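Taking it in order: structure first as structure tokens, then the write-up.
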Amino acid sequence: MKLHVISVGRLREAYFKAACDEYASRIRHYLPLEELEVPSATGDIGNGSGHGALRVEGESILRQVPKSSKLIAMDVRGERFTSEQVSQLLQAEMSASTQHLVFAIGGAWGLSPQLLETANLRLSLSSMTFPHELARLVLLEQIYRALTIWRGLPYHK
């Protein structure tokens with residue numbers, strides 16, 4: 001199984017980039033991982049509600065999702081999993097021979113309704129809202145933690 005993390009916007013701060021690179025490197029010891037960044041839509045694109053930006057960003061993300069993928073949308077209104085449940089999810093997808101497991105992280109406006117409807121799962125990191133850089137870091141850390149739980153390594157205490 002190959003993991004994909006598709007994010008709206010790039011990592012601007014060096015400390016976020018360094019931390020994400022560290023966890024991505026750790027994950028790659030267990031599974032292939034591809035990180036993709038799609039550009040954030042500038043301005044509101046339309047009526048000031050963000051709907052235009054959501055549509056443009058959602059289409060950009062969906063174009064990057066490989067065929068035969070399972071799509072997990074990171075959404076504040078999604079299901080909340082424990083780290084152990086994330087580990088079980090990854091194990092189940094590996095057992096099911098899922099070829100591509102894609103995690104999508106939205107920009108300032110979140111994720112488009114079209115993308116959310118397309119997703120196989122909506123997953124929440126927290127009831128709080130995070131900037132996309134922090135959400136990406138937390139997601140990568142949780143994926144790494146889930147893999148260490150699966151392997152029985154002492155990282156998860």
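Owing to the predicted nature of the structure, the values given are computational and were not obtained by experimental measurement. By convention here, the first residue in the shown sequence is residue 1.
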message: Checking Tyr144 against Glu22 for the side chain to side chain donor-acceptor pair (under 3.5 Å) test, could you report, in this order, the C-alpha distance in whole Å, the side-chain angles of both residues, the deciding distance, and whether it holds?
response: CA-CA 10 Å; Tyr144 174 68; Glu22 175 63 27; over 6 Å; no

- request: Evaluate the criterion side-chain contact (heavy atoms from CB on, under 4.5 Å) for residue pair Val65 and His100; output intermediate values, then yes/no.
  value: CA-CA 9 Å; Val65 175; His100 300 276; over 6 Å; no

task: Report the C-alpha distance between Ile6 and Val38 in whole Å, list the side-chain angles of each, state the deciding distance to 0.1 Å, and finish with yes or no for side-chain contact (heavy atoms from CB on, under 4.5 Å).
output: CA-CA 7 Å; Ile6 305 174; Val38 299; 4.1 Å; yes

task: Could you please spell out the steps behind the side-chain contact (heavy atoms from CB on, under 4.5 Å) verdict for Leu125 and Val76?
output: CA-CA 7 Å; Leu125 294 172; Val76 71; over 6 Å; no

task: Apply the test side chain to side chain donor-acceptor pair (under 3.5 Å) to residues Ser87 and Gln91: give CA-CA distance (whole Å), side-chain angles for both, the deciding distance (0.1 Å), then the verdict.
output: CA-CA 6 Å; Ser87 182; Gln91 290 174 58; 3.0 Å; yes

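In this structure, Arg145 CZ and Leu153 CG are separated by 12.0 Å, a value rounded to the nearest 0.5 Å. Rounded to the nearest 0.5 angstrom, Tyr155 OH and Leu147 CG are separated by 11.5 Å. In this structure, CD on Glu141 lies 10.0 Å from CG on Leu139, to the nearest 0.5 angstrom. In this structure, CD1 in Ile143 is found 9.5 Å from CG in Leu31, a value given to the nearest 0.5 Å. Atom NE2 of His4 is separated from atom OG of Ser69 by 5.5 Å, given to the nearest 0.5 angstrom. Rounding to the nearest 0.5 Å places OG1 of Thr148 at 12.5 Å from NE2 of His29.
In this structure the side chain of Glu35 reaches within 4.5 angstrom of the side chain of Leu140, judged on heavy atoms. Annotation: side chain of Trp150 is not in contact with side chain of Leu90 (no heavy-atom distance under 4.5 Å). By the 4.5 Å heavy-atom criterion applied to side chains, Leu3 and Val102 are not counted as neighbours.
Defined by atom type and a distance below 3.5 Å, a donor-acceptor pair is missing between the side-chain atoms of Gln64 and Ser60. Judged purely by distance below 3.5 Å, without hydrogens or angles, the side chains of Gln142 and Ser83 pair a donor atom with an acceptor atom.
Listed by chain and residue number, Leu62, Leu71, Gln114 satisfy the side chain to side chain contact (heavy atoms under 4.5 Å, CB included) test with Thr118 (two or more places apart in sequence, or in another chain). Legend: residues meeting side chain to side chain contact (heavy atoms under 4.5 Å, CB included) with Ser127, ordered by chain and number and at least two apart, are Arg80. Listed by chain and residue number, nothing satisfies the side-chain hydrogen bond (donor to acceptor under 3.5 Å, both in side chains) test with Ser126 (two or more places apart in sequence, or in another chain).
Of all the heavy atoms in Ile105 and Ile61, the pair that sits closest is O-CD1, 4.2 Å. Closest approach of Val5 to Arg136, counting heavy atoms only: CG1-CG, 4.5 Å. Heavy-atom minimum distance, Gln99 versus Ser68: OE1-OG, 2.7 Å. Residues Gly58 and Leu115 share a closest heavy-atom pair of O-CD1, 4.1 Å.
Linking ILVMFWY side-chain heavy atoms closer than 4.5 Å, directly or via other members, places Val56 and Leu111 in two distinct hydrophobic clusters. One hydrophobic cluster, built from ILVMFWY side chains closer than 4.5 Å, holds both Tyr30 and Val86. Hydrophobic clustering keeps Leu36 apart from Leu33 (ILVMFWY residues linked when any side-chain heavy atoms are closer than 4.5 Å, directly or through intermediates). Ile149 and Met94 end up in different hydrophobic clusters when Ile, Leu, Val, Met, Phe, Trp and Tyr side chains are linked at under 4.5 Å.
Applying the ring pair (Phe, Tyr, Trp, His ring centres under 6.0 Å) test to pairs two or more places apart or on separate chains, none has a residue in residues 113-143. A salt bridge (charged side-chain N to carboxylate O under 4.0 Å, His left out) check over residues 90-119, counting only residues at least two apart or in different chains, returns the pairs Lys70-Glu93.
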Which pairs would a plain distance check flag for residues 7-18, meaning a side-chain donor or acceptor within less than 3.5 Å of a matching protein atom at least two apart in sequence or in another chain?
from  : atom 1 : to     : atom 2 : distance (Å)
Arg12 : NH2    : Glu133 : OE2    : 2.9
Lys17 : NZ     : Asp21  : OD1    : 3.3
Lys17 : NZ     : Asp21  : OD2    : 3.2

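Using a 4.0 Å cut-off between charged side-chain N and carboxylate O, Arg28 and Glu34 make no salt bridge.
Panel note: side chain Ser112, backbone Arg55; no donor-acceptor pair is recorded below 3.5 Å.
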